[in-house]
Number of protein chains: 2
Amino acid sequence: MGRRPRHSKEDFQAIALAAAQAIIAEEGLQSLNVRAVAARMGCSVGTIYNIFEGIEELVALVNGETLDALYDALSQAPVTGSPERDLHVLLDLYLKFVTERKSSWNLLFEERLPEAKEPPAWYFEKIAQLFTLLTRILKPVFRPDQKEELAHAVRLLWISLHGVWSLNARGHLPIVSGDPLETVAHSMVDTYLAGLRARASDG
Amino acid sequence: MGRRPRHSKEDFQAIALAAAQAIIAEEGLQSLNVRAVAARMGCSVGTIYNIFEGIEELVALVNGETLDALYDALSQAPVTGSPERDLHVLLDLYLKFVTERKSSWNLLFEERLPEAKEPPAWYFEKIAQLFTLLTRILKPVFRPDQKEELAHAVRLLWISLHGVWSLNARGHLPIVSGDPLETVAHSMVDTYLAGLRARASDG
DNA sequence: GGTGTATCATGAACGTCGTTCAATTAATTA
DNA sequence: TAATTAATTGAACGACGTTCATGATACACC
């Protein structure tokens, strides 16, 4: 038989991931490219393409870690039974995370999923995991039998907040609102929650 | 004195803009680059840099026209006094526009404003113009003296919907919701409007 | 018309990027 | 040790945005 791989594919991917994270932390997003990752790993660019289909796959891994780290940061938030209060606490942890890990965070918004291709399965899982945090906070707004309504509300709230993060990440937020990021995010949550309560009491 | 320009800077920018639009329409976003624009204009790449600081400035012009076209499409929407109905009609025009001019629309979400630089002034104006459409629709929800509350509500609704468009443009919407774009957008508007009414009746 | 000059227009060339692939290296088996 | 098989390499490719020495051109003045 032939030559055995020095590292398994998974090992190599982990090393590449660490290298990418180091570059992002030390040099910023604009320095994240194949040659920089290869140099930091101590291998050639060709090896990167042995491990990954392309740079996008590595970026997806980095974004996966960002989502995990976000979950870790947000899961500290308490659930008191008051959605308003809980959401505000969650939001502040969120904003702290965005501020502290600005580059990684922005990378999430650079990613462009190819038209034809399905997003990777673990992407769905990580988002679902984050959704559970919102779900348990919003639970008191709904009756126990309104499972689907609750899930629906979580999705919409997520998307609304994504509007804020997205505009902010691309520098467009000042075009839309003169208020700072925190203010906009808090207003968003308050209004949305009021809407949920109103629709819930309607039926 | 020296040589007079063959065209004024504004003329040239208009020609470049038309060339860019033609490329987007006929070849798609991925073919929009300096060389393609220059070739279609019948000039050299250097001339592009005589007219613009860089390609981003041309992209900004294209996006400006997209915002104008969007305003034209949406300003047909009637104002009946029922915000729910009016918003749904507006939303459908919106979705029609997004479908018909998908490439131009996506370009709006590719743009990344440089950190240090202020967005161009006409950007604020065009967004403000679009805001007036939402403002007159949402007016019945507020008392005549609640000018600032109305403006605030318009901004938040805009940002919420931006969350939907942004996810959709990057292919991330299926990760968050299994529902089609229209459904998500309509739900968003309904919930937000319920929230506005609830908060308005509180004070 | 000729000359000088200020200005515009040119496109080859540069640096960077993602990506490819023939050649090289090395681990395993016979 | 030699053959076999596969991982690793890095020069090279094409596309990109951008630059700048060079050439071309229209005007003012004589």
Side-chain angles (χ1 to χ4, degrees), chain A residues 1-17 19-20 23-24 26-63 103 106-107 110-117, chain B residues 1-17 19-20 23-24 26-63 103 106-107 110-117:
Chain A
M1 288 300 157
R3 174 184 185 182
R4 284 268 182 78
R6 192 185 309 245
H7 303 284
S8 77
K9 201 170 218 176
E10 287 71 29
D11 285 344
F12 246 144
Q13 290 195 345
I15 296 171
L17 185 47
I23 291 165
I24 293 171
E26 293 170 25
E27 304 172 49
L29 273 191
Q30 72 285 349
S31 297
L32 180 64
N33 58 60
V34 184
R35 283 171 179 82
V37 172
R40 204 175 262 263
M41 283 177 68
C43 73
S44 68
V45 292
T47 301
I48 304 282
Y49 286 87
N50 259 339
I51 318 172
F52 299 108
E53 270 199 33
I55 190 73
E56 286 299 314
E57 208 177 325
L58 175 55
V59 168
L61 279 189
V62 174
N63 284 340
S103 293
N106 283 337
L107 188 59
E110 306 244 320
E111 194 176 13
R112 171 165 284 288
L113 263 31
E115 290 261 349
K117 231 181 196 170
Chain B
M1 289 300 156
R3 174 186 182 181
R4 282 271 181 79
R6 192 185 310 241
H7 302 283
S8 77
K9 201 170 218 177
E10 287 73 28
D11 286 344
F12 246 145
Q13 291 195 341
I15 295 170
L17 185 48
I23 291 166
I24 292 170
E26 293 170 25
E27 303 172 49
L29 273 190
Q30 72 285 350
S31 298
L32 182 63
N33 59 59
V34 184
R35 284 172 180 80
V37 172
R40 204 176 262 264
M41 283 177 69
C43 74
S44 67
V45 292
T47 302
I48 304 282
Y49 286 86
N50 260 336
I51 318 171
F52 299 108
E53 270 199 34
I55 191 72
E56 286 299 314
E57 206 177 326
L58 176 54
V59 168
L61 279 189
V62 174
N63 285 340
S103 294
N106 282 337
L107 189 59
E110 307 244 321
E111 194 176 13
R112 171 165 283 287
L113 263 31
E115 290 262 350
K117 230 181 195 170

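Note on naming: letters A, B, ... go to the chains in the order of the sequence lines (proteins, then strands), and numbering restarts at 1 for each one.
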Practice task
Compare every heavy atom of A:V45 with every heavy atom of A:A38, then report the nearest pair and how far apart it is.
Solution key: CB-N, 3.9 Å
Exercise for the section: Looking only at non-hydrogen atoms, find the nearest pair between B:S103 and B:G28 and report the distance. Expected result: OG-CA, 4.5 Å
Rounded off to whole Å, could you give me the [atom1]-to-[atom2] distance for the [X] and [N] pair?
X	N	atom1	atom2	result
A:Q30	C:dC17	CD	P	10 Å
B:K9	C:dA9	NZ	P	11 Å
B:I51	C:dA9	CD1	C1'	10 Å
A:E27	C:dT16	CD	P	13 Å
A:E56	C:dC17	CD	C1'	13 Å
B:Y49	D:dC16	OH	P	12 Å
A:I48	D:dT9	CD1	P	10 Å
A:E57	C:dG18	CD	C1'	14 Å

Problem - A:Q13 (side chain) donor-acceptor with A:I51 (main chain) under 3.5 angstrom - result: yes
Exercise for the section: Return the 5'-most residue of the pair A:V34, A:G46 with respect to DNA chain C, ranking by each residue's nearest nucleotide. Expected result: A:V34
Problem - A:G42 vs B:N33, nearer the 5' end of DNA chain D by closest nucleotide - result: A:G42
For the side chain of [X], starting at C-beta, report the closest nucleotide among [options].
X	options	value
A:T47	C:dA12, C:dG18, D:dT9	D:dT9
B:S44	D:dT19, C:dA9, D:dT8	C:dA9
A:R35	C:dT10, C:dC14, D:dC13	D:dC13

Handout entry: Side-chain N,O (B:N50) to OP1/OP2 (C:dC8) below 4.0 Å
Key = no
Exercise for the section: Let me see the working for B:F12 and B:N50 under side chain to side chain contact (heavy atoms under 4.5 Å, CB included), right down to the final yes or no. Expected result: CA-CA 10 Å; B:F12 246 145; B:N50 260 336; over 6 Å; no
Handout entry: Close side-chain approach of A:L107 and A:N63, heavy atoms under 4.5 Å
Key = yes
